[in-house]
Amino acid sequence: MMSAMRTPLGRVRGLGSAKGGVEHWWMQRLTAVALVPLTLWFVYAMVSLTGADHASVVNWFARPRNAVLMILLVIATFHHGQLGLQVVIEDYVHSERTKLAAILVVKFAAVLLAAGSIFGIVRIAFGVIG
């Protein structure tokens, strides 16, 4: 009975995209904006390292600024990717169980791949690999 007296907006609050869509949308935009300068920096750096030997590339990665920017690039890339894949899954997978499983797999894979990448960058930066 009480639900009949609620406004249409009151009935949909907490459902669907009204649940967290704005935050998700902003995060996608924020990571996209962050990826522009990070990707340009990375492409420039890789072009400048063309033809360099292994020791030069390791030394480049070992510089604190480069290591930090690489870690930021990895975090932004994997976070942006998982956000985008989540939207695709939510839009095109209709079974709730399959949708939930797919989103969990995507998030787990993004965290696992990002952690592995960061681990590698940190090992190089601290001279464990040389």
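Along the sequence shown, residues carry numbers from 1. Everything quoted here is computed from the prediction, not taken from an experiment.
When hydrophobic clusters are built by joining Ile, Leu, Val, Met, Phe, Trp and Tyr residues whose side-chain heavy atoms come closer than 4.5 Å, directly or via intermediates, V36 is not grouped with W26. No single ILVMFWY cluster, assembled from side-chain heavy atoms under 4.5 Å apart, contains both L30 and V87. Grouping the Ile, Leu, Val, Met, Phe, Trp and Tyr side chains by contacts below 4.5 angstrom, directly or via other members, places L35 apart from L83. Under the 4.5 Å side-chain heavy-atom criterion for grouping Ile, Leu, Val, Met, Phe, Trp and Tyr, V68 is not connected to F119 through any hydrophobic cluster. When hydrophobic clusters are built by joining Ile, Leu, Val, Met, Phe, Trp and Tyr residues whose side-chain heavy atoms come closer than 4.5 Å, directly or via intermediates, F78 is not grouped with V33.
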Please step through side-chain contact (heavy atoms from CB on, under 4.5 Å) for the pair V88 and Y92, ending with a clear verdict. CA-CA 6 Å; V88 171; Y92 294 105; 4.0 Å; yes
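For L38 against A76, the heavy-atom pair with the smallest separation is CD1-CB, 4.4 Å. When every heavy atom of P37 is checked against every heavy atom of A34, the shortest pair comes out as CD-O, 3.4 Å. Heavy-atom minimum distance, I124 versus A62: O-CB, 4.0 Å.
At least one side-chain heavy atom of M70 sits less than 4.5 Å from a side-chain heavy atom of L73. Side-chain atoms of Y44 and L40, non-hydrogen and from C-beta on, never get closer than 4.5 Å to each other. Inter-residue side-chain proximity for M27 and H24 is flagged as unmet; no heavy-atom pair is nearer than 4.5 Å.
Sorted by first then second residue, the side chain to side chain donor-acceptor pair (under 3.5 Å) pairs that include residues 103-122, not counting sequence neighbours, are Q82-K107, Q86-K107. For residues 60-77, no pair satisfies side chain to side chain donor-acceptor pair (under 3.5 Å), with sequence neighbours left out.
For the atom pair CD of Q28 and NE2 of H79, the computed distance is 9.0 Å after rounding to the nearest 0.5 Å. How far CG of L100 is from CD of E90: 10.5 Å, rounded to the nearest 0.5 Å. A distance of 11.0 Å separates CZ in F61 from CG in L69, rounded to the nearest 0.5 Å.
A donor-acceptor pair shorter than 3.5 Å can be found between the side chains of S56 and D53.
Under a 4.5 Å side-chain heavy-atom cut-off, the cluster of Ile, Leu, Val, Met, Phe, Trp and Tyr residues that includes I89 is completed by L85, V93, I103, V106.
Legend: residues meeting side-chain hydrogen bond (donor to acceptor under 3.5 Å, both in side chains) with T98, ordered by chain and number and at least two apart, are S95. Judged as a side chain to side chain contact (heavy atoms under 4.5 Å, CB included), and not counting sequence neighbours, the contacts of V43 are T39, V47. Legend: residues meeting side-chain hydrogen bond (donor to acceptor under 3.5 Å, both in side chains) with T31, ordered by chain and number and at least two apart, are H80.
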